[in-house]
Amino acid sequence: GHMEFVRRLGGFLMPGGRMGAVGAKPTTVSKYDAWLAVMNSQTPASLWPMQEGSGSTVIATTGTNGTYTGTPSLSGTGPTDALPKCATFNGSTQKFSVPTSFSGSLTTSYTWWAYWDSYATGNKRVLTCPDPYQTGAINGWTICPDGSTGGYLIVQAGKDGMYNARVYSRPTAAAWHHYALVSNRNNTQNPASMTFYVDGSVLSTFTASDNDRQNYAFNGTYIKGFEYGGAYSAGRMAGLAAFNYALTAGQIAAQYAAAL
């Protein structure tokens with residue numbers, strides 16, 4: 001009787017008494033899973049999709065979890081169907097920080113999706129890793145959409161307060177964009193070459209400060225976002241990743257395309 005009941009349902013018994021459907025279609029890969037597969041194929045040192053939906057933990061699919069501070073919303077609309085959620089920061093009390101470790105690599109890359117609510121000239125930051133202004137044996141960079149000159153994305157890299165900066169035309173405000181920063185050093189005697197991309201296309205390559213000539217290039221212990229020196233920024237973020245090698249233009253374009 002039991003087998004007849006299963007037969008009439010058009011199924012079959014699997015090991016353990018579970019029922020399987022005859023002619024069942026394979027599971028469709030979600031857009032998020034397809035994006036994640038592309039990201040993982042590039043072997044990130046750390047990857048934080050920022051798709052949690054709730055909580056205070058920046059969950060790492062690769063690497064180490066980070067922390068949201070101030071209870072930002074984690075259920076807002078993300079940049080694409082592949083990244084349907086995001087972290088939203090209110091510009092007054094909310095920020096995040098994630099730990100990084102590059103095992104002494106001289107070359108690193110960083111990619112992310114961000115949405116900046118509106119532009120001003122207050123020198124507010126979207127990301128800092130870890131801090132190019134502090135003294136000591138630390139190299140770093142910072143992304144500043146609200147440059148004091150009215151430009152977007154002053155990318156700075158240096159050590160002991162020495163840094164270089166570039167000012168770019170601002171991408172559309174109140175819109176999502178994909179960003180990538182590549183720090184590539186050939187040897188310990190040369191400053192790092194920094195290349196910056198927006199929406200899959202390269203904007204500029206420049207050399208970091210001449211003071212940046214050590215063999216611990218840009219291997220800070222954290223990346224922090226939407227707060228710097230007590231000044232908070234308003235916007236959204238998703239799909240943050242860090243790599244211990246120089247991404248190629250093709251890899252960055254593939255990341256951008258995979259999320260669309």
Side-chain angles (χ1 to χ4, degrees), residues 31-32 34-35 38-39 47-51 58 68 72-92 94-96 109-129 141-157 164-183 194-206 223-228 231-242 247-260:
K31 291 184 178 181
Y32 168 77
W35 169 84
V38 170
M39 297 298 293
L47 175 58
W48 304 273
M50 294 178 145
Q51 299 296 295
V58 188
Y68 293 112
S73 170
L74 304 181
S75 58
T77 301
T80 67
D81 289 343
L83 291 166
K85 298 177 183 177
C86 67
T88 302
F89 302 89
N90 62 10
S92 58
Q94 299 169 343
K95 61 182 179 178
F96 78 91
S109 304
Y110 314 86
T111 62
W112 66 94
W113 285 86
Y115 177 115
W116 196 253
D117 281 7
S118 62
Y119 294 124
T121 57
N123 281 323
K124 292 186 176 181
R125 317 300 166 88
V126 60
L127 287 175
T128 300
C129 175
W141 50 263
T142 184
I143 311 295
C144 179
D146 287 345
S148 58
T149 61
Y152 184 84
L153 297 169
I154 299 179
V155 182
Q156 299 163 335
N164 254 347
R166 290 295 181 273
V167 180
Y168 305 98
S169 298
R170 289 166 165 165
T172 312
W176 283 100
H177 296 284
H178 180 261
Y179 300 92
L181 180 64
V182 178
S183 167
M194 307 285 287
T195 307
F196 193 69
Y197 299 74
V198 175
D199 293 336
S201 297
V202 64
L203 292 187
S204 177
T205 297
F206 70 93
I223 299 172
K224 65 180 181 179
F226 291 86
E227 181 272 335
Y228 180 85
Y232 290 81
S233 308
R236 311 174 198 174
M237 182 162 288
L240 174 62
L247 291 171
T248 66
Q251 287 175 307
I252 291 166
Q255 285 191 30
Y256 177 58
L260 298 180

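Side chain of Ser233 to backbone of Lys124: no donor-acceptor contact under 3.5 angstrom is found.
Considering all non-hydrogen atoms of both residues, Tyr119 and Pro145 come closest at CD2-O, 4.0 Å. In terms of heavy atoms, Ala87 sits closest to Leu74 at CB-CD2, 3.7 Å. Contact between Met39 and Ala241 at its shortest, heavy atoms only, is CE-CB, 3.7 Å. When all heavy atoms of Cys86 and Gly78 are compared, the closest pair comes out as CB-CA, 3.9 Å. Among all heavy-atom pairs drawn from Trp176 and Met237, the shortest one is CH2-N, 3.7 Å. Scanning all heavy atoms of the two residues, the minimum distance from Tyr179 to Pro171 falls at OH-CG, 4.1 Å.
Residues that satisfy the side-chain contact (heavy atoms from CB on, under 4.5 Å) test with Ala175, not counting sequence neighbours, are Thr172, His177. Taking the salt bridge (Lys or Arg N to Asp or Glu O under 4.0 Å) definition, one finds that Asp199 meets it with nothing, sequence neighbours left out. Judged as a side-chain contact (heavy atoms from CB on, under 4.5 Å), and not counting sequence neighbours, the contacts of Ser73 are Ser75, Thr88. Considering only residues two or more places apart in sequence or on other chains, Trp113 meets the ring-ring contact (aromatic ring centres under 6.0 Å, His included) condition with His178, Tyr256. Evaluation of the side-chain hydrogen bond (donor to acceptor under 3.5 Å, both in side chains) rule for Thr111 yields Gln255 as partners, not counting sequence neighbours. Judged as a side-chain contact (heavy atoms from CB on, under 4.5 Å), and not counting sequence neighbours, the contacts of Pro84 are Gln51. With sequence neighbours excluded, the residues satisfying side-chain contact (heavy atoms from CB on, under 4.5 Å) with Ala258 are Trp35, Val38. Not a single ring-ring contact (aromatic ring centres under 6.0 Å, His included) links Tyr68 to another residue, sequence neighbours left out. With sequence neighbours left out, the ring-ring contact (aromatic ring centres under 6.0 Å, His included) criterion links Tyr232 to no other residue. Not counting sequence neighbours, the partners of Lys95 by the salt bridge (Lys or Arg N to Asp or Glu O under 4.0 Å) test are Glu227.
Once rounded to the nearest 0.5 Å, the distance linking OG of Ser109 with CD1 of Ile252 reads 6.5 Å. Rounding to the nearest 0.5 angstrom, the gap separating the CD1 atom in Ile143 from the CH2 atom in Trp112 is 4.0 Å. Distance check: Thr142 OG1 to Leu127 CG gives 8.0 Å after rounding to the nearest 0.5 Å. Here Arg125 contributes atom CZ and Lys224 contributes atom NZ; the two are 9.0 Å apart, rounded to the nearest 0.5 Å. To the nearest 0.5 angstrom, Leu203 atom CG is 10.0 Å from Tyr197 atom OH. From Gln94, atom CD reaches atom CG of Asn90 across 3.5 Å, with rounding to the nearest 0.5 Å.
Classification of the Phe89-Phe96 ring pair by plane angle, with boundaries at 30° and 60°, yields tilted.
Using a 4.5 Å heavy-atom cutoff, the side chains of Pro49 and Tyr32 are in contact.
Residue pairs satisfying the salt bridge (charged side-chain N to carboxylate O under 4.0 Å, His left out) criterion with at least one member in residues 75-87, sequence neighbours excluded, are listed as follows: Lys31-Asp81. Within the structure, no pair that satisfies the salt bridge (charged side-chain N to carboxylate O under 4.0 Å, His left out) test touches residues 251-260, not counting sequence neighbours.
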